[in-house]
Amino acid sequence: YLGSPNREAFLPADRQRALVLVTNRFPSFTTLNGEGYFEGEPLPTLIIQIATMDRFSLSELCQELCVEFDQEWIGVSDGELYRSVKRFRREASNDLTLSVTLGS
């Protein structure tokens, strides 16, 4: 789930930027326009459905989308489980860290 970076409908150019990133990793997928709610406010959301067992590539894609759209996290639904994949942060040691928040 990719929320709109400006809380308005995705512009065609923004949608295309997202689709290019997805296509670079996964040649087959489905997209839907949706409306999520973040902190009680509606948020236009691009729903990207990918059938894959490659969790590493999926996590990498989430990171790319976070950077491209200046997002703190990307929502991922895996069957019955929803999780937020947080953007990598560089620590003082220059090691990359990844936080995953599990939710219902």
(request) Could you grab the distance from atom OG1 of Thr31 to atom CG of Leu2, nearest 0.5 Å is fine? (result) 11.5 Å

(request) With rounding to the nearest 0.5 Å, note down the distance linking CZ in Arg25 to SG in Cys62. (result) 10.0 Å

(request) Taking the side chain as every heavy atom from C-beta outward, state whether Arg15 and Leu46 have any atom pair closer than 4.5 Å. (result) yes

(message) Here's a test for you: under side-chain contact (heavy atoms from CB on, under 4.5 Å), which of Gln16, Glu64, Glu60 qualifies with Leu21?
(response) Glu64

(request) Measure across Gly3 and Gln71 and return the closest heavy-atom pair with its distance rounded to 0.1 Å. (result) O-NE2, 3.0 Å

(message) Less than 4.5 Å apart, side chain to side chain, heavy atoms only: is that true for Asp14 and Phe69?
(response) yes

(request) May I ask you to decide if Glu68's main-chain N or O and Arg17's side chain share a donor-acceptor pair within less than 3.5 Å? (result) yes

(request) Could you check whether the rings of Phe38 and Trp73 sit parallel, tilted or perpendicular, using 30° and 60° as the cut-offs? (result) tilted

(message) As an exercise, state the distance from CG of Leu19 to CZ of Phe10, rounded to the nearest 0.5 Å.
(response) 10.0 Å

(request) Compare all side-chain heavy atoms of Gln63 with those of Val85 and state whether any distance is below 4.5 angstrom. (result) yes

(message) For the backbone of Phe26 and the side chain of Ser28, can you confirm whether one donor and one acceptor N or O come within less than 3.5 Å of each other?
(response) no

(message) Using only atom types and a distance under 3.5 Å, with no angle test, would you say the side chain of Asn24 pairs donor to acceptor with the backbone of Val20?
(response) yes

(request) List for me each residue that meets side-chain contact (heavy atoms from CB on, under 4.5 Å) alongside Gln49, sequence neighbours excluded, and say none if there are none. (result) Thr30, Leu32, Ile47

(message) Any non-hydrogen side-chain atom of Glu35 less than 4.5 Å from a side-chain atom of Leu43?
(response) no

(request) Measure the CG-CD1 distance between Leu58 and Ile74 for me, rounded to the nearest 0.5 Å. (result) 10.5 Å

(message) Tell me every residue that passes side-chain hydrogen bond (donor to acceptor under 3.5 Å, both in side chains) with Asn6, counting only those two or more places apart in sequence or in another chain.
(response) Ser4

(request) Could you pull out the closest heavy-atom pair between Pro44 and Ala9, with the gap in Å? (result) CG-N, 3.7 Å

(message) With rounding to the nearest 0.5 angstrom, report the OG1 to CZ distance, Thr23 to Phe29.
(response) 3.5 Å

